[in-house]
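Here is the structure we will look at, set down as structure tokens.
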Amino acid sequence: MLAVMVALTGVMFLQGRSTPKLGLDLAGGTTVTLTAKTEAGKNPPASQMDQAVKIITQRVNGLGVSDAEVNKQGSNNIVVSVPGEGQQQVVDTIGKTAKLQFRQVYVVGAGTPTTQPPPSGSPSASPTGKATGSPSPKATPSTSPSSSIKPSSTATPRGRALSEALAAPTPTPSGTGKPSQSASPSGNPSGVPSVNPSALPTLPPDAGAQEDFSGIDDKAVIDQYKKLTCSPDGTTAPGSNDPNKKWVAACDQDGKGKYILGPVRVQGTQVSDANAMPPNPQEGQSSWTVAIKFKSQGSREFAAVTSDAYKAPQGTPQRQVAIVLDGQVVSAPSIDNGAITGGTASIFGPPDSFTQSYADDLANVLKYGALPLEFTQSSIDEVSSTLGSDQLRGGLIAGAIGLGLVVLYCMVYYQGLGLVAVSSLVVAAAITYVSVVILGEGMGFRLSLPHIIGLIVSIGITADSFIVYFERLRDELRAGRTLRPSIESAWKRARRTILVADAVTFLAAVVLYFLAVGGVRGFAFAMGLTTLIDVVVVFFFTKPLVAMLSRTRFFGKGHRLSGLSPSRLRRGGTTAPLPKSQEA
């Protein structure tokens, strides 16, 4: 038990926190109001609002946030209350529509107009759409493909990561034509067809006039593309998020490139699972990745679109498959090694931007699916605690009173043996405290008033285990057996009762946790946690401590204040004679 305490305490201090995190009702938090986008004067369908509440709740829970509240307000608002101030990461994630689409690229160009013509040589543009404007020592004539992906150094970390998503490699400077790395679908061995960058045709200063629009039968989209100007803050072109449109014009997330994309070939609903994976140096990965697994239909559709892209002429935009998230292109890697038929793929980026936090967020929104409606953030407010310090102080006082009464009862009734019960309660309390701190840092657990109530109630549950063992031990002594054999025989009888009682309590806590919501779930969690701790303390502290104390003269000779005094046990109603070794 000492080793367990030392290990838990060490973990707590390694995490750099020694106090529990508090919940929304005790410490306040962040409240976000999301308003559904609808046509003027129309309310969104109630079924879609209910589905949005469910998905947002799953996203919040997937981020490891404890004690969050998601409620529908009126006909078109959803209010999300998250414990803790400054929860910008959660705010950015929960309201994302997360409509994921895979479309084949047909036209690509610079997202912003070129301010001045580049020097003579080989001006180029990347798939993200940025014209380099400076010649490269290794540049080739403009009639041959030579440019490659090059994210802007001023792009945001999120933009840089997503611009290289779905196994797109970290690029080399424009004009080199040598990608620095490639990746295959998640879990596939080397040699399996993979997604790699490919050089695109060099775009001259008048690229807009020379882009090939043949085969695109929607003049309105062509006109929209020519007029489209993307911004570094992220531009969502009108209609780019509509899965029913055959042709769409879209910007990338950094505003460096713009595209004309073909029909949706794979919907985000075909993603069956998405998980953040740590770096794997053995496979050449230095950043976190998001492993995507498609459903059976999605796997076939993804194989078909990558096959079509692979059949397109080398160096043309049709070789690319665009990943579109909420109307913006996050990546458009080229398919150079054949169709991808494994049903899996990986999303990753540079280590400085594709962090564990970002990978977790991206996997979370992809795993639980897209919201049925688009939302805008109507308001973001920092709110104070709903209960305050008075209620917290009252809860702590109530817990102290309950603990004091239990200690008083144990000391009066069991006397010296009561010290074992008190010591066990102290150890259980210490383990519970350290566990709450560790869970708060590790999985976002926050201590709220329902949790405190559950911990107070658990004092009685923990004391019951001690009482069961002590009474079994005293029964053995009343039957005339000596102390040391009685300790083992009483433990064999008591541990079954303790395990059954704790199992019933734990099952009740589990059922209550999964069937209830809000504060009741917090109560159930606290009760289940302390029940498990009770089993550990009784088995690895209480029983060994009693066995060790039995070797002392005070308990072994049955001192009148030990709680095992023969005279007191005789007055308890037994007629069986006590052995002389037990008489004081």
Side-chain angles (χ1 to χ4, degrees), residues 30-60 62-63 68-82 87-103 158-159 162 218 220-221 224-225 227-255 258-259 261 263-264 267-269 271 322-330 361-362 364-381:
T30 304
T31 295
V32 185
T33 301
L34 303 175
T35 302
K37 292 183 179 179
T38 57
E39 297 181 11
K42 291 187 177 181
N43 293 326
S47 59
Q48 292 185 347
M49 288 293 292
D50 293 337
Q51 183 182 359
V53 169
K54 180 179 179 180
I55 293 175
I56 291 176
T57 302
Q58 291 175 331
R59 288 183 182 179
V60 173
L63 291 171
E69 298 178 1
V70 181
N71 300 300
K72 184 170 67 173
Q73 188 177 82
S75 59
N76 62 343
N77 291 325
I78 295 177
V79 179
V80 183
S81 299
V82 184
Q87 295 278 14
Q88 191 61 44
Q89 172 193 349
V90 178
V91 171
D92 291 339
T93 302
I94 58 178
K96 185 182 288 294
T97 307
K99 285 187 178 179
L100 182 68
Q101 304 170 3
F102 293 81
R103 295 175 181 259
R158 177 174 290 253
L162 286 177
D218 192 331
V221 169
Q224 180 189 13
Y225 170 83
K227 298 176 182 178
L228 182 61
T229 299
C230 304
S231 66
D233 297 332
T235 300
T236 302
S240 60
N241 203 28
D242 187 352
N244 298 317
K245 293 192 66 173
K246 180 179 179 181
W247 302 97
V248 298
C251 294
D252 69 10
Q253 286 197 330
D254 291 334
K258 62 180 180 180
Y259 303 79
L261 308 176
V264 174
Q267 291 268 22
T269 54
V271 174
I323 302 99
V324 186
L325 183 66
D326 289 344
Q328 295 179 344
V329 176
V330 297
D361 291 350
L362 181 59
N364 188 53
V365 298
L366 295 179
K367 180 185 299 184
Y368 297 115
L371 295 175
L373 299 166
E374 293 187 24
F375 290 87
T376 58
Q377 293 179 0
S378 301
S379 64
I380 302 177
D381 302 306

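What you see below is based on every heavy atom in this structure, not just the backbone, and it leaves out hydrogens, waters and symmetry mates. Keep in mind it's a predicted model, so treat the numbers as computed, not measured.
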#### Entry: Any donor-acceptor N or O pair under 3.5 Å, side chains N76, T35
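Their side chains do not contain a donor-acceptor pair, so the 3.5 Å distance test is not met.
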
### Task
Taking the side chain as every heavy atom from C-beta outward, state whether F102 and V324 have any pair of such atoms under 4.5 Å apart.
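The answer is no, as the side chains (C-beta and beyond) never meet within the 4.5 Å cut-off.
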
### Message
Counting C-beta onward and ignoring hydrogens, is there a side-chain heavy-atom pair between P372 and I55 closer than 4.5 Å?
### Response
yes

Give, for atom [atom1] of [X] and atom [atom2] of [Y], the distance between the pair rounded to the nearest 0.5 Å.
X: S75; Y: N77; atom1: OG; atom2: CG; value: 7.5 Å
X: L325; Y: T236; atom1: CG; atom2: OG1; value: 10.0 Å
X: K245; Y: L261; atom1: NZ; atom2: CG; value: 11.5 Å

### Message
Closer than 3.5 angstrom, by distance alone: can the side chain of T235 be matched with the main-chain N or O of C230 as a donor-acceptor pair?
### Response
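Answer holds: no.
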
#### Entry: K258 side-chain N/O to L228 backbone N/O, donor-acceptor pair under 3.5 Å
yes

Heavy-atom closest pair, residues [X] and [Y]:
X: S240; Y: Q101; value: O-OE1, 4.1 Å
X: A250; Y: V329; value: CB-CG2, 4.1 Å
X: W247; Y: V221; value: O-CG2, 3.4 Å
X: L34; Y: V32; value: CD2-CG1, 3.8 Å
X: Q224; Y: P238; value: NE2-O, 3.0 Å
X: V248; Y: G239; value: CG1-O, 3.5 Å

### Task
Evaluate whether atom NZ of K54 has more than 12 neighbouring non-hydrogen atoms of other residues, nucleotides or ligands under 6.0 angstrom away.
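For K54, atom NZ is not crowded (no more than 12 foreign heavy atoms under 6.0 Å).
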
